[in-house]
Amino acid sequence: QKEVEQDPGPLSVPEGAIVSLNCTYSNSAFQYFMWYRQYSRKGPELLMYTYSSGNKEDGRFTAQVDKSSKYISLFIRDSQPSDSATYLCAMSLLMKTSYDKVIFGPGTSLSVIP
Amino acid sequence: EPEVTQTPSHQVTQMGQEVILRCVPISNHLYFYWYRQILGQKVEFLVSFYNNEISEKSEIFDDQFSVERPDGSNFTLKIRSTKLEDSAMYFCASSGGYNEQFFGPGTRLTVL
């Protein structure tokens, strides 16, 4: 079983649609959950991070974590063509120190069509 | 807004040659990382670095790889004898804490 799994897509939606991106993971010790956006041939850009279960909202983006199901989601409301990118879920253990590695999912490619 | 920078953006080298990839982390960050991404594959952890020493390394980070913080601003990744399979995007990241890692734009390494 892979440590972090994502549907690779591609996912194509019309402008203005609500987008739902999902990840599952196998290691129940993960405590810290992140979503990164990556444009083609660019570095991952941190979008959102959450600690443990729950929801977090930032503008058009909402991140959800369900630790009991080992399932995390990112919702994008009113999607824009500029949201077209690959979305990477990522997670790490919560260590006493802050240098724990981030484990990435393979990414979901999203296209928002004008 | 402060950001992580990396040079060069693209490095082409011959198999067996040494390469050094350079990174300038965000200035007040204390934790530094290298990741790589082979074309079409996921981002993979290589090494983390804190307090002038390696904190953790993956199985990818073998004896051909080394990292250094030669001064107060730069963080480097050296590959001693490059192989074809080292061709990838290499990302530097830094963190001020709480696992929020900020990534640079990457160096595309092509080994011929």
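Naming: A, B, ... by sequence-line order, numbering from 1 per chain.
Within 6.0 Å of the NZ atom in A/K42, the count of heavy atoms belonging to other residues, nucleotides or ligands does not exceed 12. Within a 6.0 Å radius of NZ in A/K56, more than 12 heavy atoms belonging to other residues, nucleotides or ligands are found.
Only the side chain of B/Y35 comes within contact range of chain A, with at least one heavy atom under 4.5 Å from a heavy atom of that chain. Proximity to chain B is absent for every atom of A/I103, based on heavy atoms less than 4.5 angstrom apart. Proximity to chain B is limited to the side chain of A/Q38, based on heavy atoms less than 4.5 angstrom apart. With a 4.5 angstrom heavy-atom cutoff, B/Q37 touches chain A only via side-chain atoms.
Look at B/E18 and B/R80 and you find no salt bridge, because none of the NZ, NE, NH1 or NH2 atoms lies under 4.0 Å from a carboxylate O.
Put simply, the side chain of A/F30 reaches to within 4.5 Å of the side chain of A/L93, judged on heavy atoms. Looking at B/I20 and B/K78, their side chains come closer than 4.5 Å, going by heavy atoms from C-beta outward.
Using a 4.5 Å cut-off between non-hydrogen atoms, no part of residues 4-13 of chain B approaches chain A.
Every salt bridge (Lys or Arg N to Asp or Glu O under 4.0 Å) that A/R60 has, sequence neighbours left out, goes to A/D83.
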query: Between A/E57 and A/R77, does a salt bridge (charged side-chain N to carboxylate O under 4.0 Å, His left out) hold up when you go through it step by step?
result: CA-CA 11 Å; A/E57 189 172 317; A/R77 289 182 297 281; 3.5 Å; yes
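A cation-pi arrangement is absent between A/K101 and B/Y33, since the terminal nitrogen or guanidinium carbon is not both under 6.0 Å from the aromatic centre and inside a 45° cone about the axis.
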